[in-house]
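Take a look at the structure below.
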Number of protein chains: 2
Amino acid sequence: MSEPVNIKRLAQELNISIATVSKALNDSYEISLKTKNRVWTLAKQLNYTPNPAASNLRSHKTKTIAVVIPCVANNFFSLAIKGIEEIARRYDYHVLIYQTHENSEMEVNFTNSLINGRVDGILTSISSSLYNIEYYSNLVKKVPLVFFDRVYEDLDAVKVTTDDFEIAYQATEHLIECGCKRISFLYGLEHLPAGKARLAGYREALKAHQLVDEDALIVKYHESEQVNAFNIKALMKNQKPDGVLSSIEEFVLPCYDVCRDLNIHIPNDVKLVSFSNLSTARLLNPSLTTVTQPAFEIGMEAAGSLFKILHKKDQGMDQNVVLKSTLIKRESTGF
Amino acid sequence: MSEPVNIKRLAQELNISIATVSKALNDSYEISLKTKNRVWTLAKQLNYTPNPAASNLRSHKTKTIAVVIPCVANNFFSLAIKGIEEIARRYDYHVLIYQTHENSEMEVNFTNSLINGRVDGILTSISSSLYNIEYYSNLVKKVPLVFFDRVYEDLDAVKVTTDDFEIAYQATEHLIECGCKRISFLYGLEHLPAGKARLAGYREALKAHQLVDEDALIVKYHESEQVNAFNIKALMKNQKPDGVLSSIEEFVLPCYDVCRDLNIHIPNDVKLVSFSNLSTARLLNPSLTTVTQPAFEIGMEAAGSLFKILHKKDQGMDQNVVLKSTLIKRESTGF
DNA sequence: CTGTTAGCGCTTTCAG
DNA sequence: CTGAAAGCGCTAACAG
């Protein structure tokens, strides 16, 4: 049993006080370079690492941030985490991950477990299953918080989002340019600004080109895969769209399946464009054009904003950061 | 400024001692139900949550585990994290994430930052860029550690892996059954058991079917995309394989690209099978058959093992847990 | 069943 | 420049 390597041990071995060691380790201006060097040398030699719990307790700084998101196994969120981690590492911060699985209750439970000083700040992309803005408007007062992608618009907090309206408009126009006259919209995230903006962009583009804009052309996302498939089938049969804009990735698979069943060919009979963040996009079926959000950059931006707040450098910072998505047109290369 | 809500405050308001409150909160058998109820009621009313730093410091328990992996933005690892998080939540644990980006130095830095009591245990999938078993054999003595997927075989620690040899054998046999006579192997993770086992499975299958097994048919993974593309091009031109088994996902894209350039048709001229964990596998180019690891289950299994160790329930536990991968044969459905 | 007490390892006045 | 001392919030002997 070797002695534990803590600040006390260092002090004993060097015959100086604990306070001096602490200050030396923190590179305080009060300590002579000579003493600092002695401390640093021994610390390295004994492989000293400070006890985080002790320093948190005393200093109220955890060097930790939390990321609360619906799910990590998702092309968008895993890339966003990558961006967040990248920034956190630069600041020597640790990153906690929580998955809500779109469950508002879990979301609240997780978040509540974080406001007791476990973390210095939180990055979150809210669940779409319940609108509880009261909860969040309270929360932002208690802990530094940055929202990304899935946000509440009216909240007094930093929000990093993408140009959903504009890109949905562009995507719709792309379909129109491809000759589509009757374009359907597969509607997801309807309780969130992102979803609403995508719908609005679609509608606006239809309007600008004097195309039909009927509720019957819109299919809302449902938790049940069967229901989605059923609704898409009904859409295809009854409405016979010649173009489809899917506002979320989850609609793509049932879309292909239904079309195959009905002997409808994508993209000859129906042209399909979907929001998607597949990192291996080129591996996709080459007939799918996608709208891709800059997930990695969103993560970096959100984390960067949080650190600005943590370092009190957020004076006059813009609360609404909007990054640009990309419309990736894929031609069927036929391999 | 309201008084901080801590154990002391609860004690004062209830006119009992701090110790009693602490025990009541921890549901100690020493405390009467009546007192417990008083404490619990007030705690809930004041929205009390324990300060984690303080309890860590005293109890040496952090309720936190760390996951150290090459990258989160990866279909395998993001699913594994999902599984880990699932289990952690059941035990009310928090999950820290660290990405090494295949960089051994970062890997060591991260891990070192964890052995000072920041976490109760670590789950890791080691980087393949450097073989440093000495480091890890030391580490496992200092902190509860479970390896998953990317492991060092000779380590005295729990390792959760997949049946790489068997499935590579099966995948190779599948190619043989499809009529391939000259099968190439794209070799990744060569410093790790997983990579070696995949190669061995491939070789064994060739041997069993008396097919050519030449070094010239094997292409080793290189960090540079260009080099990989160049090597694959040379392989296709000079060796003219009629089947390819890719042991990692990263080879798939250059493979398609090179073949298209050379006017080689997949799967007519060359049949391709790759290890891959694309969650949206059905969206893939339908000509790609994949070997898919049970990433989510691996995460759950690894986390489960770690908690067994943390709860000292690891007596006689098997150190080598091997889960089964699946060969997913995809037919070209032609949509 | 309840309370007293002594720290966990570190930071931070304040005194020298 | 260095050190003594207090205490962050909580837990765990030990006494009663």
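Here is how names work: the chains are called A, B, and so on, in the same order as the sequence lines, proteins then strands, and each is numbered from 1.
Here the nucleotide nearest the side chain of A/A19, chosen from D/dA5, D/dA6, C/dT5, is D/dA5. For A/T35, whose side chain is taken as the heavy atoms from C-beta onward, the closest listed nucleotide among C/dC10, C/dT2, D/dC1 is D/dC1. Distances from the side chain of A/K23 to the nucleotides C/dC14, C/dT11, D/dC10 place C/dC14 closest. Distances were taken from every side-chain heavy atom of A/R58 (C-beta onward) to each of C/dT2, D/dG9, C/dT12; the shortest belongs to C/dT12. Comparing D/dA12, C/dT11, D/dC14 by their nearest atom to the side chain of A/N26 picks out C/dT11. With D/dC1, D/dC8, D/dC10 as the choices, the nucleotide that has an atom nearest any side-chain atom of A/L57 turns out to be D/dC8.
With the nearest nucleotide of DNA chain C identified for both B/H60 and B/Y29, B/Y29 has the one nearer the 5' end.
Atom CG of B/L25 is separated from atom C1' of D/dA12 by 15 Å (rounded to the nearest Å). Distance, B/N15 CG to C/dC1 P: 20 Å, rounded to whole Å. Rounded to a whole Å, the CD atom of B/E30 is 15 Å from the P atom of C/dT4. Spacing between atom CD of B/Q12 and atom P of C/dG3 amounts to 14 Å, rounded to whole angstrom units. One interatomic measurement links the two molecules: CG of B/N51 to P of D/dC10, which rounds to 6 Å at whole-angstrom precision. Protein atom CD1 of A/I16 is 15 Å distant from nucleotide atom C1' of C/dC10, rounded to whole Å. Here D/dT2 presents its P atom at 8 Å from NZ of A/K34, a figure rounded to the nearest Å. Regarding A/N6, its CG atom lies at a distance of 8 Å from the P atom of C/dC8, rounded to whole Å.
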Set out, in order, the CA-CA distance, both residues' side-chain angles and the distance that settles side-chain hydrogen bond (donor to acceptor under 3.5 Å, both in side chains) for A/E85 and A/Y93, then state yes or no. CA-CA 9 Å; A/E85 234 260 336; A/Y93 261 67; over 6 Å; no
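The phosphate of D/dG3 has OP1 or OP2 within less than 4.0 Å of a side-chain N or O from A/S17. Checking the phosphate oxygens (OP1, OP2) of D/dC10, a side-chain nitrogen or oxygen of B/Y48 falls inside 4.0 Å. Listed pair A/S59 / C/dC10 fails the phosphate criterion, with no side-chain N or O lying under 4.0 Å from OP1 or OP2. For D/dC1, the OP1/OP2 oxygens have no side-chain nitrogen or oxygen of A/S32 closer than 4.0 Å.
The aromatic rings of B/F307 and B/Y91 sit parallel to each other, their planes meeting at less than 30°, with 60° as the upper class boundary.
Atom CD of B/E105 sits in a sparse spot, with 12 or fewer heavy atoms from other residues, nucleotides or ligands closer than 6.0 Å.
Salt-bridge check for A/K8 with A/E13: failed, with every basic side-chain N at 4.0 Å or more from each acidic carboxylate O. Using a 4.0 Å cut-off between charged side-chain N and carboxylate O, B/D27 and B/K36 make a salt bridge.
Across all strands shown, B/S55 has heavy atoms under 4.0 Å from sugar-phosphate atoms exclusively, and none from any base.
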